[in-house]
Trainee: 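Sharing a structure with you now.
One-based numbering along the sequence shown. Whatever order the structure lists ligands and atoms in, that order sets their numbers, starting from 1. Every value quoted in this text rests on a predicted model; they were computed, and no experiment measured them.
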Amino acid sequence: MNPSPEEIRIGLIGFGTVGQGVGQYLQERADALTRAAGRRLVLGGVAVRDLSRRRTVDLPPGLLTADPWKLVRDPGLPLLCELAGGTEDPRAWTAEALRLGKTVVTANKALLCDHGEELFALAHEHGGRILFEASVAGGIPVIEVLRDSLAANRVERILGILNGTSNYILTRMEQDGLSFGEVLESARANGFVEADESLDLDGWDAAHKTVLLAWLTQGRWVSTGSMTVEGIRRVRLDDLRYAREMGYRIKLIGAVERVGTAGRLALSVRPSLVPLDTLLADVDGVFNAVRIDADLAGPLDLIGRGAGQDPTASAVLADLVAAARQWESSTPLPVHLAPPDPPELAAPAEQEHAAYLRLTVVDRSGVLSEVAGSLSRAGISIASVLQREHGGHDRATLVLLTHRCTQAALDEAVRALAADESVGDDFLVCPILD
Ligand code: NDP
Ligand code: HSE
């Protein structure tokens, strides 16, 4: 298991988009990486599913195998790099590697979101390590910033544009005047959308990343089942236009917030109205951004490429270098900024924000007062109303901005509106960020 002092041999599982990027630069930039790591990082084996598939990056002969377990169990490969994707096989490989005391580098946010608690405990128990810079926001070094650079801070809030595909779709809709369906077709054609489209379109990929950011900064693993997760499918081109008229843009935001006087923890992924004069509002296309409100350092904005071969490989390579640098250290890599008492989760009644509601209603007298009544009964005060013609003959679009209200009140109002026959189920509700 002990490597020679001169080199560390890597077992790489996955030689697809990210794996080939890592393989390419491990070879092409070997000297620079050796200088950074203090020793050579050498590919000792590469596992794929289909040995006959043509690869764009060449490997020295004899490295490829279709058996990932061979790499996991090989004591001559003390550094395992998991770039296969999925959760069940990677969970088994990672757990076994950690039991063997290996260091694991992964870009797999779904794996860590679902099984991170168990895997980090195993790492701790067996003296192994897990590094995961590439799993959140691709090429942006947000994990290192949170874990190391902001180690002395309490992080009060993180807001992130964490899914490049959603941001690309919203940006193209707005810039090119296209519908969600039209942009989705072109995103599919360009290979931007995950094979499981729900990860990108329904907010789950951003939720996995949000959970990791919450664990890093608040020390609590939150299941995606106990947070609000909504993707971009309900956002219409008109919403983007109305939002802009009112001084906002709509972005899919993953939020980690301490709320209320007790400072409880709230996590969400939702299309959100972001004020035009903030940096987040200017982040377009496949770019990601993370806004961190830290108590000592103050507000910090990180913007960069959240996906793609080179940016993601850059983050994986940074982890491989970090692992090699600290190889002999007996101090476990600090894994998070956990406060001694992780916060409890906030109830919807403790979460407050102003909101944007766009409703499609039957165009007849009295409907506006019905809608206002539903909001008022839930205790929500309306800040402004806009009524627009709708494409359909007997329909109108109502856009309402509310004053600050609780999420519980908003949920109650939305339930009442959804049950109202004058209001169709084609509606959008978004928080408005401060
Ligand atoms: P790809 O689908 O391009 O590549 C996956 C690779 O893993 C392929 O080489 C595949 O083999 C191999 N593989 C999959 N299952 C097995 C298995 N059971 N046994 C052996 N090999 C296997 O995925 P990506 O490179 O895009 O993503 C890799 C990871 O990085 C994922 O966790 C993803 O979420 C994460 N990530 C990806 C980003 C991106 O921009 N692509 C950005 C940030 C994170 P074969 O080629 O033979 O099919
Ligand atoms: N599908 C993800 C995205 C890939 O669009 O951001 C990077 O995690």
Side-chain angles (χ1 to χ4, degrees), residues 11-24 45-57 59 63-72 80-94 104-115 132-140 142-143 160-171 184 187-188 190-210 212 231-232 251-252 254 269 283 285-290 304-316 319:
L12 173 60
I13 305 180
F15 206 55
T17 305
V18 184
Q20 289 186 87
V22 170
Q24 177 183 347
V46 178
V48 292
R49 222 172 356 207
D50 179 359
L51 285 174
S52 67
R53 177 171 292 178
R54 273 180 65 86
R55 313 280 162 185
T56 53
V57 173
L59 288 171
L63 279 196
L64 273 184
T65 173
D67 180 7
W69 284 106
K70 206 169 116 190
L71 308 186
V72 171
L80 184 76
C81 186
E82 185 276 303
L83 299 174
T87 50
E88 288 319 308
D89 284 340
R91 176 193 190 181
W93 301 327
T94 303
V104 178
V105 170
T106 182
N108 193 333
K109 55 268 177 179
L111 168 73
L112 294 180
C113 177
D114 288 359
H115 304 297
F132 54 103
E133 184 64 71
S135 64
V136 181
I140 303 178
V142 63
I143 304 295
I161 296 175
L162 300 172
N163 182 264
T165 303
S166 305
N167 205 41
Y168 168 83
I169 292 175
L170 294 177
T171 306
L184 178 57
R188 282 181 183 138
N190 285 308
F192 288 170
V193 191
E194 301 254 3
D196 175 358
E197 294 192 346
S198 183
L199 287 168
D200 288 327
L201 305 181
D202 296 315
W204 296 111
D205 173 71
H208 295 152
K209 296 165 178 169
T210 303
L212 285 176
I232 58 167
K251 297 286 175 189
L252 185 72
V269 171
V283 176
V286 294
F287 274 70
N288 280 195
V290 187
R305 293 189 182 277
Q309 186 166 66
D310 282 359
T312 314
S314 161
V316 172
D319 276 349

Trainee: Please check this pair: side chain of Thr165 against backbone of Phe192, looking for a donor-acceptor N/O pair closer than 3.5 Å.
Mentor: yes
Trainee: Using a strict 4.0 Å cut-off to heavy atoms of Lys209, name the atoms of ligand 2 that fall inside it.
Mentor: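 Close to Lys209: 6 (O), 7 (C), 8 (O).
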Trainee: What atoms in ligand 1 come closer than 4.0 Å to a heavy atom of Asn108?
Mentor: 32 (O)
Trainee: Hydrogens and angles aside, do Gln20 and Thr56 bring a side-chain donor and acceptor to less than 3.5 Å of each other?
Mentor: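 Looking only at side-chain atoms, Thr56 and Gln20 do form a donor-acceptor pair, the distance falling under 3.5 Å.
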Trainee: Output the distance between atom CD (Gln24) and atom CG (Leu59), rounded to the nearest 0.5 Å.
Mentor: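 Those atoms lie 11.0 Å apart.
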Trainee: With nothing but distance in play, are any N or O atoms of Asp200 less than 3.5 Å from an N or O of ligand 2?
Mentor: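 Min N/O separation from ligand 2 is below 3.5 Å for Asp200.
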Trainee: Taking Val286's backbone N and O only, do any of them form a donor-acceptor pair with Asn167's side chain (distance below 3.5 Å, no angle check)?
Mentor: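 No, Asn167 side chain to Val286 backbone: no donor-acceptor pair under 3.5 Å.
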Trainee: Which atoms of ligand 1 are found less than 4.0 Å from any heavy atom of Ala134?
Mentor: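 Every atom of ligand 1 under 4.0 Å from some heavy atom of Ala134: 43 (C), 44 (C).
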Trainee: Under a 3.5 Å threshold, yes or no: a donor from one side chain and an acceptor from the other, between Asp50 and Ser52?
Mentor: yes
Trainee: I want to know if ligand 1 touches Gly16 in the polar sense, i.e. an N/O pair below 3.5 angstrom.
Mentor: yes
Trainee: Provide, to 0.1 Å, the distance between atom 3 (O) of ligand 1 and the closest protein heavy atom, together with that atom's residue and name.
Mentor: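 Of the protein heavy atoms, Thr17 N, 2.9 Å lies nearest.
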Trainee: How long is the span from the SG atom in Cys81 to the CG atom in Asp319, to the nearest 0.5 Å?
Mentor: 8.5 Å
Trainee: With side chains defined as the heavy atoms from C-beta onward, is the minimum distance between Asp89 and Pro68 less than 4.5 Å?
Mentor: no
Trainee: Relative to the heavy atoms of Leu83, which atoms of ligand 1 are at a distance of less than 4.0 Å?
Mentor: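 Answer for ligand 1: 5 (C), 6 (C), 7 (O), 28 (C).
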Trainee: Going by heavy atoms in the side chains, are Thr94 and Thr106 under 4.5 Å from each other?
Mentor: no
Trainee: Which atoms from ligand 2 have a heavy atom of Gly306 less than 4.0 Å away?
Mentor: 7 (C)
Trainee: Can you list the ligand 2 atoms lying under 4.0 Å from a non-hydrogen atom of Ala307?
Mentor: 4 (C), 7 (C)
Trainee: Backbone or side chain, does any N or O of Phe15 fall under 3.5 Å from an N or O of ligand 1?
Mentor: yes
Trainee: With a 4.5 Å heavy-atom cut-off, do Tyr168 and Asn190 have their side chains touching?
Mentor: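 Contact flag for Tyr168/Asn190 side chains = yes.
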Trainee: Do side-chain atoms of Arg55 reach the backbone of Phe15 as a donor and acceptor pair under 3.5 angstrom?
Mentor: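 Yes.
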Trainee: Indicate, as side chain, backbone, both or neither, the part of Ala107 found under 4.0 angstrom from ligand 1 when only non-hydrogen atoms are considered.
Mentor: both
Trainee: What's the separation between atom CH2 in Trp93 and atom CG in Leu80, rounded to the nearest 0.5 Å?
Mentor: 9.0 Å
Trainee: Any idea which atoms of ligand 2 are less than 4.0 Å away from a heavy-atom of Gly164?
Mentor: 3 (C), 5 (O), 6 (O)
Trainee: Just by modelled atom types, is the Asp310 backbone N or O under 3.5 Å from a matching donor or acceptor in the Ser314 side chain?
Mentor: no
Trainee: Within the structure, does Asp50 bring an N/O atom to less than 3.5 angstrom of an N/O atom in ligand 1?
Mentor: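 Yes; the residue has a nitrogen or oxygen that sits under 3.5 Å from a nitrogen or oxygen of the ligand.
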Trainee: Glu194 heavy atoms, cut-off 4.0 Å: which ligand 2 atoms fall inside?
Mentor: 1 (N), 2 (C), 4 (C)
Trainee: Quick one: does Lys251's side chain have a donor or acceptor within less than 3.5 Å of a partner on Val283's backbone?
Mentor: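 Present.
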Trainee: Looking at Ala307, which atoms of ligand 1 are within less than 4.0 Å of one of its heavy atoms?
Mentor: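 Atoms satisfying the 4.0 Å criterion: 40 (O).
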Trainee: Looking at CG of Leu184 and CG of Leu201, how far apart are the two atoms once the value is rounded to the nearest 0.5 Å?
Mentor: 5.5 Å
Trainee: Considering only the protein, which heavy-atom contact is closest to atom 40 (O) of ligand 1, and what is its distance?
Mentor: Gly308 N, 2.7 Å
Trainee: Within a distance under 4.0 Å of any heavy atom of Lys109, pick out the atoms of ligand 2 and give their elements.
Mentor: 7 (C), 8 (O)
Trainee: Under 3.5 Å, side chain of Asp200 to main-chain N/O of Glu194, donor-acceptor pair present?
Mentor: yes
Trainee: Among protein heavy atoms, which sits nearest to atom 2 (O) of ligand 1, and what does the distance come to when rounded to 0.1 Å?
Mentor: Ala84 O, 4.9 Å
Trainee: Would you call Trp93 a ligand 1 contact, heavy-atom distance under 4.0 Å?
Mentor: yes
Trainee: Of the side chain and backbone of Asp89, name the one, both, or neither that has a heavy atom under 4.0 Å from an atom of ligand 1.
Mentor: side chain
Trainee: Give the residue, atom name and distance (to 0.1 Å) of the protein heavy atom nearest atom 42 (C) of ligand 1.
Mentor: Thr312 OG1, 3.3 Å
Trainee: Which of the atoms in ligand 1, numbered in the order shown and given with their element, are less than 4.0 Å from a heavy-atom of Pro68?
Mentor: 19 (N), 20 (C)
Trainee: Do any N/O atoms on Arg53 end up under 3.5 angstrom from N/O atoms on ligand 1?
Mentor: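 It does: an N or O of Arg53 is found under 3.5 Å from an N or O of ligand 1.
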Trainee: What distance separates Asn108 CG from Glu82 CD, expressed to the nearest 0.5 Å?
Mentor: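 CD of Glu82 is found 4.5 Å from CG of Asn108.
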Trainee: For atom 36 (N) of ligand 1, grab the closest protein heavy atom and report residue, atom and distance to one decimal in Å.
Mentor: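 For this ligand atom, the closest protein heavy atom is Lys109 NZ, 3.6 Å.
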Trainee: Is there a protein heavy atom less than 4.0 Å away from atom 18 (N) of ligand 1?
Mentor: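 Under the 4.0 Å cut-off, atom 18 (N) of ligand 1 does have protein heavy-atom neighbours.
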Trainee: Calculate, to the nearest 0.5 Å, the distance between atoms CG and CG belonging to Leu12 and Leu71 respectively.
Mentor: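 Separation between the atoms: 8.0 Å.
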Trainee: Is the shortest heavy-atom distance from the side chain of Leu162 to the side chain of Val290 under 4.5 Å?
Mentor: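 Yes. Closest side-chain heavy atoms under 4.5 Å.
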Trainee: Ignoring angles and geometry beyond distance, decide whether Arg49 reaches within less than 3.5 Å of ligand 1 through its nitrogen or oxygen atoms.
Mentor: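 It does: an N or O of Arg49 is found under 3.5 Å from an N or O of ligand 1.
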Trainee: Counting heavy atoms only, which part of Asp205 comes closer than 4.0 Å to ligand 2: side chain, backbone, both or neither?
Mentor: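 Side chain only; the backbone of Asp205 stays clear of ligand 2.
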Trainee: Going by distance only, is there an N or O of Gly138 that falls short of 3.5 Å from an N or O of ligand 1?
Mentor: no
Trainee: At what distance is the nearest protein heavy atom to atom 27 (O) of ligand 1, and which residue and atom is it?
Mentor: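 Checked against all protein heavy atoms, atom 27 (O) of ligand 1 sits closest to Val18 CG2, 4.0 Å.
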Trainee: Where does Arg55 meet ligand 1, judged by heavy-atom distances below 4.0 Å: at the side chain, the backbone, both, or neither?
Mentor: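 Arg55 to ligand 1: side-chain contact only, backbone stays beyond 4.0 Å.
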Trainee: Nearest to atom 31 (C) of ligand 1 by heavy atom, Gly14, Gly19, Gly21, Gly85: which?
Mentor: Gly85
Trainee: Run the numbers for me: atoms of ligand 2, each under 4.0 Å from some heavy atom of Thr165, listed by number.
Mentor: 1 (N), 3 (C), 5 (O)
